[in-house]
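These notes concern the structure reproduced below.
Please read these numbers as outputs of a predicted model, since none were measured by experiment. All values below come from the heavy atoms of this structure, side chains included, with hydrogens, waters and symmetry mates left out.
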Amino acid sequence: MVKRTEKDKTSVQGRIPIVAILGHVDHGKTTILDYIRKTNVQSCEAGGITQKISVFTVAIDNDPSKRITFIDTPGHEAFDLMRVRGGNIADIVLLVVAANDGVKPQTVESIDIIKHSSAKPIVVINKVDLPDVDIAKVKRDIVNEGLLLEGMGGDIPVVEVSGKTGKGIPELLDLITLVAEVEGLQDRGKLPEGIVAKAFVLESVRDKTRGNISSIVLVTGNLCKGSWLGYSKDGKVIVERIKGVISEDGENICDLQCGCGGKIIGISNLIPVGSEVYILEENQPKLIEPLLKSKNIESETAITEDDIFNSIFDDQQDNKDTQLNVVIKCSSQGSLEALRHSLEKIKKDEYKVNIVSDGVGDISNKDIEMAKLSKAIVLGFDVGMDKSTEEFAKKNGVLVRTYQIIYKLLEEVEDALDMLSTPKQVEEEIGNGVIKMMFILSDGSKVLGCRVKEGILKRDCKCYVVRNDEIIGEGRIQSVRIGKEKVNEAKQGEDCGIILDTDIDCMEGDEVYCYKLSK
């Protein structure tokens with residue numbers, strides 16, 4: 001069990017813990033929340049399945065100091081995208097698994113989300129009131145999917161409940177509070193001066209009477225009616241006043257506290273789901289432009305495949321990650337199993353492939369979101385991808401590659417592992433000089449007559465030729481001469497002649513900067 005120690009006592013009074021609830025359809029997620037808040041939301045849902053994101057805050061034992069905000073994410077496959085975002089926003093994620101049904105496809109998808117989220121997981125085994133349930137088997141199946149539970153080699157807490165009878169619900173609430181206190185809440189970072197709050201948009205709808213309504217959860221600071229709201233829409237930064245704030249039940253409220261969820265009304269646009277929005281002290285769009293520019297999911301900035309590829313590998317090399325994260329999609333279960341088996345065998349030194357998610361069917365937005373969350377490449381074999389998903393991938397900086405021949409896919413993965421395992425080289429400037437004259441030798445070689453200004457110009461080192469602070473060419477120094485004598489290097493104050501391995505259109509007055517490469 002999670003144990004509280006003096007060292008681990010982390011105050012959660014500054015913000016209310018945010019809890020997302022994930023799991024397979026019809027495993028009782030909304031029923032559990034119904035019992036917690038003593039309402040009957042489920043009866044209003046089509047087919048008894050949650051069709052929209054709901055966010056609400058409850059006080060445990062009517063104690064205002066013990067409050068929890070829950071995000072009820074839809075369980076149907078069409079809403080996987082919102083489930084990924086819900087798992088990324090939360091401090092704690094509840095994985096609900098029905099005792100009579102066990103691990104199902106959406107359970108596995110939820111586990112993938114949890115594995116690549118910084119939120120703390122709690123496993124909730126529901127429907128324990130039903131007869132002939134095998135809870136031990138359910139736990140084993142969860143462990144086999146990679147979540148190591150308490151008492152089974154790991155430290156992820158487990159609680160057994162019945163959303164129908166309420167059995168275990170008080171223990172679940174106590175456990176959530178304890179995990180929040182001991183593990184602490186996610187560090188949301190400090191906001192720049194002039195920005196007082198930050199929130200995530202969970203859902204946006206257009207209501208006939210109230211206009212545009214956005215469901216949000218506030219992760220930093222507070223907001224109230226009349227606050228300045230800043231967000232991005234179609235690449236433009238917009239700031240406008242919030243005309244009203246309402247609770248999940250439609251009640252008008254004055255403000256939202258940090259960690260609470262609610263709805264803002266009177267906004268001119270439907271804010272894109274998943275967007276970050278900010279509360280400003282004044283109407284100053286420039287304050288949030290740098291924040292929204294880097295995170296705007298609607299950005300029209302073109303990103304090349306090379307940019308994405310280099311970004312992925314730079315991140316993994318900087319973090320000394322020995323895994324190449326991939327999301328794979330195939331046209332059939334048989335080809336998927338074969339591809340998984342082949343990828344798991346590919347290794348380069350200590351580097352290997354880590355399959356963060358897989359499935360049968362065309363590449364979807366959910367696959368792109370999963371790849372973005374886990375910094376992965378999407379690999380498709382004998383599958384397609386519609387235009388909107390392709391654009392979504394580009395805007396989110398996710399590299400997608402599709403193949404019709406499996407060995408081509410495997411070859412490129414091997415090449416990628418070679419690149420990942422090759423130590424990244426760092427350039428270190430060791431000297432520079434200025435070109436005083438140029439002449440051509442009888443063999444056609446161009447000699448650059450230089451005077452060394454600082455450091456050294458050294459043979460076999462990389463160099464850049466610079467004119468008016470702009471690089472006009474680069475190459476390697478093949479030869480260094482002082483007078484008629486071949487030398488290894490020329491030092492500060494010396495005149496020398498250098499020959500490069502590439503022809504650069506130099507002129508007198510250009511500068512030569514010499515670098516050595518280190519790992």
*Hey, mind stepping through Ile238 and Ile271 against side chain to side chain contact (heavy atoms under 4.5 Å, CB included) and telling me if it holds?*
CA-CA 10 Å; Ile238 300 169; Ile271 305 174; over 6 Å; no

_Tell me the closest heavy-atom pair linking Gly28 and Val96, and the distance in Å._
C-CG1, 4.5 Å

*asked:* Quick check: closest heavy atoms across Ile406 and Phe381, and the distance to 0.1 Å?
replied: N-CE1, 3.5 Å

*asked:* Counting neighbours of NZ on Lys115 that are heavy atoms of other residues, nucleotides or ligands and sit closer than 6.0 Å, is the number greater than 12?
replied: yes

_Within this structure, what is the CG-NZ distance for the pair Asn269 and Lys236, rounded to the nearest 0.5 Å?_
10.0 Å

*Any donor and acceptor pair, going by atom type alone, linking the side chain of Arg401 with main-chain N or O of Leu379 inside 3.5 Å?*
no

*Are the side chain of Asn354 and the backbone of Asn325 linked by a donor-acceptor contact shorter than 3.5 Å?*
no

*Give the intermediate values and the outcome of side chain to side chain contact (heavy atoms under 4.5 Å, CB included) for residues Glu276 and Phe200.*
CA-CA 5 Å; Glu276 291 182 1; Phe200 284 94; 3.4 Å; yes

*asked:* For Ile92 versus Ile176, what's the shortest heavy-atom pair and its separation?
replied: CD1-O, 3.6 Å

*Look up atom CG in Leu336 and atom OG in Ser331, then write down how far apart they are to the nearest 0.5 Å.*
9.5 Å

*Val277 and Ile264: side chain to side chain contact (heavy atoms under 4.5 Å, CB included), yes or no, with the steps?*
CA-CA 12 Å; Val277 297; Ile264 51 177; 5.7 Å; no

*To the nearest 0.5 Å, how far apart are CD1 in Ile242 and CG in Leu223?*
5.0 Å

*asked:* Could you walk me through whether Val245 and Asp255 satisfy the side chain to side chain contact (heavy atoms under 4.5 Å, CB included) test, starting with their C-alpha distance in whole Å, then the side-chain angles of each, then the deciding distance to 0.1 Å, before giving a yes or no?
replied: CA-CA 7 Å; Val245 183; Asp255 56 22; over 6 Å; no

*Under the 3.5 angstrom rule, does the side chain of Asp91 hit a backbone N or O of Leu185 as a donor-acceptor pair?*
no

Distance-only check: which donor-acceptor pairs under 3.5 Å involve side-chain atoms of residues 156-164, not counting sequence neighbours?
residue, atom, partner, partner atom, Å
Ser162, OG, Asp129, OD1, 2.9
Ser162, OG, Lys164, N, 3.4
Ser162, OG, Thr165, N, 3.1
Ser162, OG, Thr165, OG1, 3.1

*asked:* Closer than 3.5 angstrom, by distance alone: can the side chain of Thr402 be matched with the main-chain N or O of Gly380 as a donor-acceptor pair?
replied: no

*Report yes if some heavy atom in the side chain of Val93 is under 4.5 Å from a heavy atom in the side chain of Ile122; otherwise report no.*
no

*Compute whether any side-chain donor of one residue and acceptor of the other, for His27 and Asn126, lie under 3.5 angstrom apart.*
no

_On a heavy-atom basis, which atom in Leu218 and which in Ala197 lie closest, and how many Å separate them?_
CD1-CB, 4.1 Å

*Do Asp141 and Asn144 come within less than 4.5 Å of each other through their side chains, counting heavy atoms only?*
yes

*asked:* Please check this pair: side chain of Thr69 against backbone of Gly259, looking for a donor-acceptor N/O pair closer than 3.5 Å.
replied: yes

*asked:* Using every non-hydrogen atom in the two residues, find where Lys352 and Leu417 come nearest and quote the distance to one decimal.
replied: O-CD2, 3.8 Å

*Provide the closest heavy-atom pair for Ser110 versus Leu95 in the form atom of the first, atom of the second, distance.*
CB-CD1, 3.7 Å

*Flag the pair Val201 / Tyr231 as yes when at least one side-chain heavy-atom distance between them is below 4.5 Å, and no otherwise.*
no

*Quick check: does any side chain N or O of Lys263 sit under 3.5 Å from a backbone N or O of Gly244, one acting as donor and the other as acceptor?*
no

*Just how far is it from atom CD of Glu391 to atom CG of Asp386, taken to the nearest 0.5 Å?*
10.5 Å

_So, taking the atom named CG in Asp112 and the one named NZ in Lys366, what distance separates them when rounded to the nearest 0.5 Å?_
8.0 Å

*Is it the case that more than 12 heavy atoms not belonging to Lys408 sit under 6.0 Å from its NZ atom?*
no

_Does any part of the side chain of Gln284, heavy atoms only, come nearer than 4.5 Å to the side chain of Val239, both counted from C-beta?_
no

*Atom CZ of Phe70 and atom CD1 of Ile18: how far apart are they, to the nearest 0.5 Å?*
12.0 Å

For residues 355-363, which side-chain N or O atoms pair as donor and acceptor with protein atoms under 3.5 Å away, sequence neighbours left out?
residue, atom, partner, partner atom, Å
Asp358, OD2, Arg340, NH1, 2.2
Asp362, OD1, Gly384, N, 2.9

*salt bridge (charged side-chain N to carboxylate O under 4.0 Å, His left out) with Lys329: which residues, sequence neighbours excluded?*
Asp367

